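I have placed the structure first, in the form of structure tokens, so that the comments after it can refer back to it.
Quick note: residue numbers are just sequence positions, from 1. Only a predicted model underlies this, so the values are computations on that prediction, with no experimental measurement involved.
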Amino acid sequence: MKSFLVIGLGRFGAAVAQELSALGQEVLALDIDAENVQHISDQVTQAIQGDAQDEAVLRSVGARNFDCCVVAVGADMEASILITVMLKEMGAKYIVAKAMTPIHARVLERVGADRVVLPEIDMGQRLAQRLARTNVVDYIGVSDEFSIVEIHPPRSWVGNSLGKLGVRAKHQINVLAIRHGEGGQVDVNPQPDKVIGPDDLLIVIGTNEQVNSVVELN
């Protein structure tokens, strides 16, 4: 079990805190708004009202002792940057910060965030990928160059093994996992002799160009 400090209990922060708690993790939720704290108090390990822009408050909750600190106050850029700086200076082990814009994200990275997320942009990209290409089930942009995509396999692949298809050699992508139907069992790191079924979903990684070429196969 890991310990998490979630700062900011808007829709994003509350969802993170609730999900982490549901996964059996220790979660301390912190927000300046008493109503937000009250709303989540029975769903996390502990919920505290306090101003995270006050260094004394962060020290009082022992911010540096958590395995991960999530700064979920992205709507207030100045506050999120200040909180990230203070957490870094206190020696926080791992900081995840929410950003609203790419510029905001770059600033957070420069002041010490170990990982920055842009929920609205990421969700917009994922939705666009699914709408534009019907065989794409899910999409994650790993970087400007690489992406992870969950896809329905090309019809020509069904009934063949990964080795016979030569997926890696011919298409320069890696099949990370095969999901047997939506919500079904997942085979991680499938072997070359694994045969692709008609209801299987492939989770693949590669450059955007390489992934796109596979998505467009019939």
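Counting heavy atoms of neighbouring residues, nucleotides and ligands inside a 6.0 Å radius, atom NE2 of His39 does not exceed 12 of them. For Arg64, the CZ atom counts as loosely surrounded, since its 6.0 Å shell holds 12 or fewer non-hydrogen atoms of other residues, nucleotides or ligands. By the neighbour-count criterion of 12 heavy atoms within 6.0 Å, atom CD1 of Ile103 is sparsely surrounded, having that number or fewer from other residues, nucleotides or ligands.
The other members of the hydrophobic cluster of Val188, by chain and number, are Val186 (side-chain heavy atoms under 4.5 Å, ILVMFWY only).
Following chains of ILVMFWY side-chain contacts shorter than 4.5 Å, one can reach Leu165 starting from Ile178, so the two form part of one hydrophobic cluster. Side-chain heavy atoms closer than 4.5 Å link hydrophobic residues (I, L, V, M, F, W, Y) into clusters, and following such links, possibly through other members, connects Leu82 to Met90.
Between the side chain of Thr84 and the main chain of Ser80, a donor-acceptor pair closer than 3.5 Å is present. Checked by atom type and distance alone, the side chain of Asn174 never pairs as donor or acceptor with a backbone atom of Ile205 at under 3.5 Å. Judged by distance alone, with hydrogens and angles left aside, the side-chain atoms of Gln25 form a donor-acceptor pair with the main-chain N or O of Lys2 at under 3.5 Å. For the pair Ser161 (side chain) and Asp193 (backbone), a donor-acceptor distance under 3.5 Å is absent. Of the possible polar contacts, one joining the Asn160 side chain to the Ser156 backbone as a donor-acceptor pair under 3.5 Å is found. Counting only distance, with no hydrogens or angles, the side chain of Gln185 and the backbone of His180 share no donor-acceptor pair below 3.5 Å. Checking side-chain atoms of Asn212 against main-chain N and O of Asn208 turns up a donor-acceptor pair under 3.5 Å.
With ring centers used as reference points, His152 lies 6.0 Å or more from Trp157.
Leu30 CG to Ile40 CD1: the interatomic distance, rounded to the nearest 0.5 Å, is 11.5 Å.
The two residues Ile151 and Val149 make their nearest non-hydrogen contact at CG2-CG1, 3.2 Å. Of all non-hydrogen atoms in Lys98 and Met100, the two that sit nearest each other are CE-SD, 3.9 Å. When all heavy atoms of Leu176 and Pro190 are compared, the closest pair comes out as O-CD, 3.6 Å. When all heavy atoms of Val61 and Phe66 are compared, the pair lying nearest together is O-CE1, 3.3 Å. Considering all non-hydrogen atoms of both residues, Ala99 and Pro119 come closest at O-CD, 3.9 Å. Among all heavy-atom pairs drawn from Val6 and Gly13, the shortest one is CG1-O, 3.6 Å.
With a 4.5 Å cut-off on side-chain heavy atoms, Arg168 and Leu162 do not count as touching. Side-chain contact between Ser3 and Asn65 is absent, with no heavy atoms from C-beta onward closer than 4.5 Å. With contacts defined as side-chain heavy-atom distances shorter than 4.5 Å, the pair His104/Ile81 qualifies. With contacts defined as side-chain heavy-atom distances shorter than 4.5 Å, the pair Val73/Val71 qualifies. Using a 4.5 Å heavy-atom threshold, the side chains of Ile196 and Leu202 count as touching. Between Arg110 and Val107 the shortest side-chain heavy-atom distance does not fall below 4.5 Å. Side-chain contact check for Val117 versus Phe12: some heavy-atom pair is nearer than 4.5 Å.
Between Gln210 and Thr207, the side chains place a donor N or O and an acceptor N or O closer than 3.5 Å (distance only, hydrogens not considered).
Pairs engaging residues 81-94 under the salt bridge (charged side-chain N to carboxylate O under 4.0 Å, His left out) rule: Asp67-Lys93 [sequence neighbours left out]. Sorted pairs that involve residues 19-46 and meet salt bridge (charged side-chain N to carboxylate O under 4.0 Å, His left out), not counting sequence neighbours, are lacking altogether.
In this structure, Asp187 pairs ionically with Lys194, as a charged nitrogen and a carboxylate oxygen lie closer than 4.0 Å.
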